[in-house]
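It should be emphasised that the depicted structure is a prediction, and the values quoted were computed from it without experimental measurement. Here is the naming used below: chain letters follow the sequence lines, and residue numbers restart at 1 for every chain.
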Protein chains: 2
Amino acid sequence: MRTSDKHTKIIEAAITVFARKGFFSARISDIAKEAQVADGTIYLYFNNKYDILISLFEEEIGKIILEVKLLMEKESDPRSMLQIFALHHMQLMEEKRELAEVLQMELRQSNKFMKEYRNTKFIEYVDVVSAIIHKGQEEGVFRKSLLPGVFKRAFFGALDETSRLWVLSPDHTYTIAEAAQQISDIFISGIMAEGQA
Amino acid sequence: MRTSDKHTKIIEAAITVFARKGFFSARISDIAKEAQVADGTIYLYFNNKYDILISLFEEEIGKIILEVKLLMEKESDPRSMLQIFALHHMQLMEEKRELAEVLQMELRQSNKFMKEYRNTKFIEYVDVVSAIIHKGQEEGVFRKSLLPGVFKRAFFGALDETSRLWVLSPDHTYTIAEAAQQISDIFISGIMAEGQA
DNA sequence: ATCTTATGAATGTGTATTCATTCATTTTTT
DNA sequence: AAAAAATGAATGAATACACATTCATAAGAT
């Protein structure tokens, strides 16, 4: 049992179990079994059940942010940046279904049972979008009247809700890429400055 | 103790308590206290804790659907219909904060712990949007290439996420009406058919 | 007097967390 | 080089507690 990172194994097991049952219905023993570890071992790596969830958030969203920021650095046109953000976000939901479910569901719930916990990683992720809008406005591509704070939520909400339902429903009348394309098209042509193509 | 509808009192209390603590952390005794009723009385009106949540969904979303459909009947321009839907949805979130929080949070969670329960009322609500798109496409106002199934999710998601955050954050840099206006503007000008104003 | 509605203490279950014990490795002693 | 001692990661049975649900009893209505 050397050479196996228990911390990572537990986090991965927790993603699977939380996705299947939800945080509250998930039992520590479920996670332990999934991770092939004793119940008590979990408490050597995490303080309690909440702590597993929070660590999971921080670490996984952290990775996503790194990826996205890297992608954004390679682009300069704000329109392409939005398109790429949309596609990347939705592909992520497709490729990492379990993680997606946990993030989408428990993110909402989390404020309730962890009053003190402010999900700063998540804010950082969504702020990538407002930064794009800001850039687009400065370059005169996007309307100045747009409120970046409204836009980032609307754009993220649109992507998130669409991918959430896509993951849930068994029969897909459209692909993830099509949906991402449609959504970024709508938003981009909806926010162009006057006189821009 | 006549003249007071216990069923309604319990539902209202449950909205308050679920909003404050979330479904899982809410205790039956909390709801009973809030409704000024004994713990056991709740079981005269509901089968169990889940049943309270489901009844709450059905009844409250039912009322909202009635309101919205009435509003839609008074309009004929698909663009105005989207605007009105957006404004109405967001005002609802402002006026009925507690209900909004419960619907937004538990709606996501609900699939997990009630596998059998399909939230048909909620689907009916969102389908109001796809009906508008369909109408707009038939009249040649909206692009034919739009997938109504994608649009309804994107539009609803945008409104929902924006209002969710508006309700959570203490300092508002914009009003609900402004946000609703911006979002419907973006979507409408983003989906117009070629050659339309 | 009977039926309906309401009460809240008691019950029972589920499960998060603890902690005494095990045992494979590593370190020290001879 | 072998034996003895120390270490601490891992275990999982035992604990402790929270809380949904029940039900014997009471209050109110007709």
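- Here the C1' atom of nucleotide dA16(C) and the CG atom of N47(A) are 14 Å apart, to the nearest Å.
- Between E59(B) and H7(B), the side chains place a donor N or O and an acceptor N or O closer than 3.5 Å (distance only, hydrogens not considered).
- Phosphate proximity of dA6(C) to Y45(B): present, with a side-chain N or O under 4.0 Å from OP1 or OP2.
- Between D39(A) atom CG and dT22(C) atom P there is a gap of 19 Å when expressed in whole angstrom units.
- The nucleotide whose nearest atom lies closest to any side-chain atom of A38(B) is, among dT7(C), dT11(D), dA20(D), dT7(C).
- Per the geometry, OH belonging to Y50(A) stands 8 Å off P belonging to dT17(C), to the nearest Å.
- If you look at F23(A) and Y50(A), their ring centroids are closer than 6.0 Å.
- Between K135(A) and E139(A) there is a salt bridge, since a side-chain N of the basic residue sits under 4.0 Å from a carboxylate O of the acidic one.
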Could you write out each protein N or O paired with an N or O of nucleotides 11-15 of chain C at a distance under 3.5 Å?
none

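- Residues F187(A) and F151(A) bring their aromatic ring centres within 6.0 Å.
- Distances from the side chain of N48(B) to the nucleotides dT11(D), dA10(D), dT21(D) place dT21(D) closest.
- Less than 6.0 angstrom separates the ring centroid of F85(A) from the ring centroid of Y125(A).
- If you take OH of Y43(A) and P of dA9(D), they are 18 Å apart, rounded to a whole angstrom.
- When rounded to the nearest whole Å, the span between CD of Q36(A) and P of dT11(D) equals 10 Å.
- Between dT22(D), dG12(D), dA6(C), one nucleotide has an atom nearer to the side chain of K6(B) than all others, and that is dA6(C).
- Within a 6.0 Å radius of NE2 in H88(B), more than 12 heavy atoms belonging to other residues, nucleotides or ligands are found.
- In this structure a side-chain-to-backbone donor-acceptor pair under 3.5 Å is present from K144(A) to Q137(A).
- One can place CD1 of I31(A) at 10 Å from P of dT17(C), the figure rounded to the nearest angstrom.
- In this entry the distance linking CG of L44(A) with P of dT7(D) reads 18 Å, nearest Å.
- What separates CZ of F24(A) from C1' of dC19(D) is a distance of 14 Å, to the nearest Å.
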